[in-house]
Structures are given as structure tokens and as C-alpha cells.
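Because only heavy atoms are used, hydrogens play no part in the values below, and waters and symmetry mates are left out as well, while side chains stay in.
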Amino acid sequence: MTEKVNCITPDCDAMILPETAERTGGLCMPCQREQQQQAERAYIEANRQDIDPYAGLTDPVEIIKQRHVQRPFNKLIRYADYQGDITTVYQQLTQPQVEALIAHDIARHQAGDNDYFDDLSLELAAFSQGDLSQLQHYLVQNHADAPALIFRGAEPAMTQILLDRIEQYRTDRGELNNLLCALAWIGTAQVVEQFAAWRAAPPAWAELLYCPPWQYAHEAGWELNANDQRRNLYFDACYPLTLTANRSGHYAFTTASTPCPQCQHPLTTMLGVDLTAPECRFLPFDGDVLALKNCQVCSCFGGDGLFTRIGVEDANCWLATDTKMQEDDWELAPVSYFNLGQQRPAWFAAHEFLSATTQSQLGGLPAWVQDTDYPCCPQCQHTMTFVAQISRAETDEYGEGMHYLFVCSSCQLSTANYQQT
């Protein structure tokens with residue numbers, strides 16, 4: 001039997017065959033790979049170029065175009081990100097500049113670059129203040145599949161076009177779904193009236209859908225109340241939650257000794273909000289701190305609709321539940337502290353692919369990773385109001401998914417749920 005020899009790397013105890021040692025210069029395979037990787041890293045560091053694609057650009061249209069260029073991966077080239085606030089660039093666009101970007105966007109779509117089209121269209125809808133009717137008409141005429149947020153603020157004529165299309169495509173489930181989502185984002189009095197009419201007399205094509213047509217209002221954060229009026233399920237005020245290394249009045253994921261009644265994991269304050277901050281005056285709650293408590297495990301794995309009383313401490317904060325569940329394979333999120341950023345429009349983070357903005361936020365519209373999922377208050381039976389979301393990708397180094405927090409201000413109850421891809 002061939003006698004093995006030691007790997008020559010100090011502090012490595014591996015034994016290798018002599019023929020392996022001859023081939024690798026005395027290294028075991030893991031040490032050889034590490035040596036090769038170190039050499040590659042050193043080569044990359046010595047030869048890599050830093051390129052700023054925005055250097056010299058002052059035209060906002062060209063800056064935005066550069067943002068959406070798809071660059072092939074090259075380990076020897078590192079491209080700089082745009083150093084300004086891209087949302088401000090969008091907000092300062094003139095109408096001719098918006099129209100120039102729409103024309104460019106449509107050209108990219110006609111060239112088959114659907115990802116470019118989706119990304120630029122979405123950011124135009126979320127961040128710019130211009131008229132997007134040209135883009136909206138193109139979407140309808142070409143049956144382009146794009147985020148319905150693009151129809152936010154559409155002109156009245158577009159509402160009628162979409163309603164006419166519903167009659168034209170009443171046997172096409174996919175087209176009906178897209179048209180109803182677009183109408184929900186328009187959300188004008190005309191749309192509210194039509195949704196109410198469908199609730200009173202459901203059309204025959206409603207049977208094709210997975211939910212009644214008037215419930216598509218949830219896609220844009222509102223619903224019909226009992227009087228057929230629009231009721232928003234979000235707060236207009238919206239502030240990004242930006243992580244800070246310093247302890248602050250806004251925090252998330254602090255735990256206590258009180259156990260969850262369903263799984264026995266510790267009670268968690270999913271979000272604590274400093275109500276004394278001037279920015280938080282829009283929240284309809286008393287006291288100095290709004291502590292939204294729930295269970296990280298049950299809110300992520302389903303549980304049985306766990307609800308807590310706002311302002312009540314310890315075990316008395318839970319609404320009674322008979323459900324028992326056990327899920328041990330869950331790593332609790334780290335305690336996080338936040339500062340409130342500058343107020344922004346409610347829809348700035350209303351889509352999971354709006355990467356230009358902080359997804360964690362207080363107020364505003366939620367960015368659903370999956371389908372809309374507004375919980376119902378167990379006491380008054382009304383749909384609860386979205387109050388905040390926390391992105392695990394922003395709080396955890398390797399985290400993913402989104403925690404959503406909801407309140408019923410009338411019943412002083414809160415709950416939480418979670419979605420991930």
C-alpha cells in the first residue's frame with residue numbers, strides 16, 4: 001500500500017498520495033484550490049478597471065437610460081452605481097423628457113427586450129410625475145404584460161377603453177386579470193362605481209376569475225366599503241425605514257420572555273415606532289411608542305391568524321387561539337434600528353422590483369412579493385390597514401422576503417404576515 005505524505009501547507013493535517021503531491025507541488029486539493037483562488041483574486045485586484053458609465057452625463061434622459069443598460073459580466077470590470085438619487089432624477093423630468101423615455105422604452109420592447117421595458121416602465125410609473133398615456137395606450141393596444149402600477153393616474157378616456165376591452169375579452173381569463181388590475185390602479189370614481197355595479201350584479205365572466213372582480217381593488221390598496229365608497233387600506237404618508245447602527249426610537253425584532261400561544265417561540269415586537277417623532281403624527285394611536293407584536297414563526301409559517309392588542313403587555317396581548325403548531329427550523333431576525341427617511345409618495349415601493357428605493361417603510365402601499373393578502377380584523381370583520389413592511393434582505397446579510405404589518409385602529413389590534421419568492 002502506498003504511504004501518504006503530509007500537505008506542505010502549514011497547519012494543514014491532510015495526507016495525500018505521492019503522485020498527487022507531485023502533481024500539485026505538495027498541496028492537498030483544498031489547499032491547491034485556495035492557492036489558485038488567492039492568485040485569481042490578486043490578479044483581479046491588480047488588473048480590474050473601475051468604470052463610471054455616468055461620468056460626464058448631465059441629461060436626465062441619458063442617466064436613466066444608462067441605469068437600465070444590461071452589461072455582460074466581466075470580472076475585470078467594475079461599474080459604478082449612480083451616485084445621486086435616481087428617484088429625484090425621475091421626479092424632475094419634463095413632459096418632453098418623459099415622452100422621450102417612453103419612445104425609447106417602446107423601441108426596446110419592440111426589439112424584444114422585455115426586461116428592459118418592464119423595468120423602465122415601472123420606474124416611470126412609480127417615480128415620474130409626467131403623463132404616461134402614450135405608454136398606457138401602447139400596453140393596451142399590444143396586450144403587453146407589464147405591472148398594472150403603470151396605469152396609476154390614467155386619464156378618464158383610458159378607463160372607458162379598459163371597460164370596453166373587458167367586454168371584448170370576457171372569455172379570456174388572463175386578459176381580464178390584466179384589465180381589472182389596471183382599473184384598480186386607476187381607482188377613480190368611475191372605477192369605484194363600476195366595481196360597485198359588479199358587486200351588486202356579478203357579470204357572467206366573473207366565474208372565470210379566482211376572486212370577484214371588485215376585489216381586484218386590493219391590488220392597488222383599496223376596497224369598496226358597505227356604502228360602495230372607496231376605502232384605502234394604507235396610509236398616504238410614507239417614510240422609508242433606513243438601517244442605522246445606533247439605537248433609535250424605531251426598531252424591529254426585539255424579543256421578550258412571553259411565549260407565543262401557538263408555537264411557544266418568544267414574543268417579538270415586529271416593529272416599534274416612536275410616536276413622539278413629528279413624522280409619525282399620521283398614525284391614529286396614543287402613547288409614546290407603537291409596539292406591533294407578533295410571532296416571527298407563526299406569521300411566516302401560517303399559524304391561525306395571530307392577532308395582538310395594541311398597547312397591552314405580556315400574555316394578555318394575544319387574542320385567544322386554540323391552534324398549536326411547531327416549527328423549529330427558523331432563524332429569528334436580528335434586532336434592527338431604523339431612521340425615518342424623507343417622506344415620499346405612497347407608491348414609491350409598491351412593487352417588489354422597484355430596486356431604486358428602500359423597501360422597508362412606514363406607511364404607504366405594500367410591495368407584495370406574492371398575491372395581495374390583507375387580513376380581516378377578527379372583531380369588526382373589516383379589512384385591516386397596512387402600516388409598515390420590513391425587508392429581510394435589508395436587515396439580514398443573507399435574508400430574503402418581506403414582513404407586512406397591519407392594524408385595525410378601531411379595535412386596536414395588529415397582525416403580521418410574510419412573503420418570499
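- Separation of atoms CG (Leu292) and OG1 (Thr269) is listed at 8.5 Å; rounding is to 0.5 Å.
- Note that CG of Asp172 is 8.5 Å distant from CG of Leu179, once rounded to the nearest 0.5 Å.
- Judged purely by atom type and a 3.5 angstrom limit, Gln194 has no side-chain atom pairing as donor or acceptor with the backbone of Gln190.
- Ser391 places a side-chain N or O within 3.5 Å of a backbone atom of Ala393 that can act as its donor or acceptor partner.
- Heavy-atom neighbours of Gln35 CD from other residues, nucleotides or ligands within 6.0 Å: at or below the threshold of 12.
- Salt bridge annotation for Glu34-Arg41: present, with a cationic side-chain nitrogen under 4.0 angstrom from a carboxylate oxygen.
- When atom types are taken as modelled, the side chain of Asn227 and the backbone of Gln229 share no donor-acceptor pair closer than 3.5 angstrom.
- Environment of CD in Glu167: crowded, with over 12 heavy atoms of neighbouring residues, nucleotides or ligands closer than 6.0 Å.
- Taking the centre and axis of the six-membered ring of Tyr239, the NZ or CZ atom of Arg344 falls outside the cone set by 45° and 6.0 Å.
- Counting all heavy atoms, side chain and backbone alike, Gln359 lies closest to Gln389 at O-NE2, 2.7 Å.
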Practice task
Start with the C-alpha gap between Arg231 and Leu233, add the side-chain angles, then the distance that decides, and say whether side-chain contact (heavy atoms from CB on, under 4.5 Å) holds.
Solution key: CA-CA 6 Å; Arg231 173 181 173 251; Leu233 302 176; 3.2 Å; yes
Problem - Test log, rule side-chain contact (heavy atoms from CB on, under 4.5 Å), inputs Val407 and Phe285 - result: CA-CA 10 Å; Val407 294; Phe285 301 101; 3.8 Å; yes
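- Geometric assessment of Arg108 against the ring of Tyr116 yields a positive cation-pi assignment under the 6.0 Å and 45° thresholds.
- Side chain to side chain, Tyr138 and Gln136 fail the donor-acceptor criterion of an N or O pair below 3.5 Å.
- Looking only at distances, a side-chain donor or acceptor of Gln419 sits under 3.5 Å from a matching main-chain atom of Val369.
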Exercise for the section: Give the intermediate values and the outcome of side chain to side chain donor-acceptor pair (under 3.5 Å) for residues Asp105 and Ser121. Expected result: CA-CA 7 Å; Asp105 196 22; Ser121 298; 2.4 Å; yes
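- Summarising the geometry, atom OG1 belonging to Thr372 is positioned 8.5 Å from atom CD belonging to Gln215; distances are rounded to the nearest 0.5 Å.
- Annotation: cation-pi geometry satisfied between Arg173 and Tyr210 (NZ/CZ under 6.0 angstrom from ring centroid, within 45° of ring axis).
- Proximity of the aromatic rings of Trp198 and Trp205 is defined here by a centroid distance below 6.0 angstrom, and this criterion is met.
- By the 6.0 Å contact criterion, CZ on Phe282 is enclosed, its count of non-hydrogen atoms from other residues, nucleotides or ligands being greater than 12.
- Ring-centre distance between Tyr234 and Phe386: not below the 6.0 Å cut-off.
- Residue Asp13 places its CG atom among 12 or fewer non-hydrogen atoms of other residues, nucleotides or ligands, all under 6.0 Å distant.
- Around CD of Glu193, the count of heavy atoms belonging to other residues, nucleotides or ligands within 6.0 Å does not exceed 12.
- Annotation: the span from Thr87 atom OG1 to Gln342 atom CD amounts to 11.0 Å, rounded to 0.5 Å.
- Between Tyr404 and the choices Pro366, Pro375, Ser299, the side chain to side chain contact (heavy atoms under 4.5 Å, CB included) rule is met once, by Pro366.
- You'll find the ring centres of Tyr374 and His382 outside the 6.0 Å limit.
- To the nearest 0.5 angstrom, Arg199 atom CZ is 4.5 Å from Leu224 atom CG.
- In this structure, the side chain of Gln381 engages the main chain of Pro378 through a donor-acceptor pair within 3.5 Å.
- Taking the centre and axis of the six-membered ring of Trp347, the NZ or CZ atom of Arg152 falls inside the cone set by 45° and 6.0 Å.
- A distance-only check finds no donor-acceptor pair linking the side chain of Trp214 to the backbone of Ala197 [under 3.5 Å].
- Open room surrounds CG on Asp288; 12 or fewer heavy atoms of other groups in view lie less than 6.0 Å from it.
- At a threshold of 4.5 Å between non-hydrogen side-chain atoms, the residues Thr171 and Leu176 do not count as touching.
- By the neighbour-count criterion of 12 heavy atoms within 6.0 Å, atom CG of Asp286 is sparsely surrounded, having that number or fewer from other residues, nucleotides or ligands.
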Exercise for the section: Using the side-chain contact (heavy atoms from CB on, under 4.5 Å) rule, take Tyr216 and Cys211 through it: C-alpha gap first, then chi angles, then the decisive distance, then the call. Expected result: CA-CA 8 Å; Tyr216 275 78; Cys211 68; 3.7 Å; yes
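- When only modelled atom types and interatomic distance are considered, Thr308 and Ser414 share a side-chain donor-acceptor pair under 3.5 Å.
- Here the shortest heavy-atom pairing between Leu132 and Ile150 reads CD1-O, 4.2 Å.
- Looking only at atom types and distance, the side chain of Gln168 has no donor-acceptor partner in the side chain of Asp164 under 3.5 Å away.
- For Phe338 and His250, the distance between ring centers is not under 6.0 angstrom.
- Of the possible polar contacts, none joining the Thr383 side chain to the Cys376 backbone as a donor-acceptor pair under 3.5 Å is found.
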Handout entry: Chi angles and distances behind the side chain to side chain donor-acceptor pair (under 3.5 Å) call for Tyr54, Gln83
Key = CA-CA 9 Å; Tyr54 301 97; Gln83 295 303 302; over 6 Å; no
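- Judged purely by atom type and a 3.5 angstrom limit, Thr244 has no side-chain atom pairing as donor or acceptor with the backbone of Tyr337.
- At least one donor-acceptor pair closer than 3.5 Å links the side chain of Asp274 to the backbone N or O of Thr276.
- Proximity of Ile390 to Phe253: side-chain heavy atoms (C-beta onward) are separated by under 4.5 Å at one or more points.
- Between Leu57 atom CG and Glu62 atom CD the span is 7.0 Å, to the nearest 0.5 Å.
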Practice task
Take Arg71 and Gln66, measure what side chain to side chain donor-acceptor pair (under 3.5 Å) needs, and give me the verdict at the end.
Solution key: CA-CA 10 Å; Arg71 300 180 177 88; Gln66 272 296 330; 2.5 Å; yes
Problem - Worked verdict on Tyr169 versus His143 for ring pair (Phe, Tyr, Trp, His ring centres under 6.0 Å) - result: CA-CA 11 Å; Tyr169 293 96; His143 305 275; 5.3 Å; yes
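- Between Tyr418 and His403, the ring planes lie tilted relative to each other; the angle falls in the 30° to 60° range.
- In terms of heavy atoms, Pro213 sits closest to Phe195 at O-CE2, 3.9 Å.
- Ion pairing of Arg230 with Glu223 is absent here, as no side-chain N (NZ or NE/NH1/NH2) approaches a carboxylate O to less than 4.0 Å.
- The backbone N or O of Phe307 lies less than 3.5 Å from no partner atom in the side chain of Asn294, so there is not a single donor-acceptor pair.
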Practice task
Could you walk me through whether Ser336 and Leu243 pass the side-chain contact (heavy atoms from CB on, under 4.5 Å) test, one step at a time?
Solution key: CA-CA 7 Å; Ser336 302; Leu243 279 173; 3.7 Å; yes
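- Using a 4.5 Å cut-off on side-chain heavy atoms (C-beta onward), Asp145 and Asn114 make no contact.
- Closest heavy-atom contact between Asp228 and Val192: O-CG1, 3.6 Å.
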Problem - Audit row: His265, Gln296, side chain to side chain donor-acceptor pair (under 3.5 Å) steps and yes/no - result: CA-CA 8 Å; His265 280 78; Gln296 284 192 53; over 6 Å; no
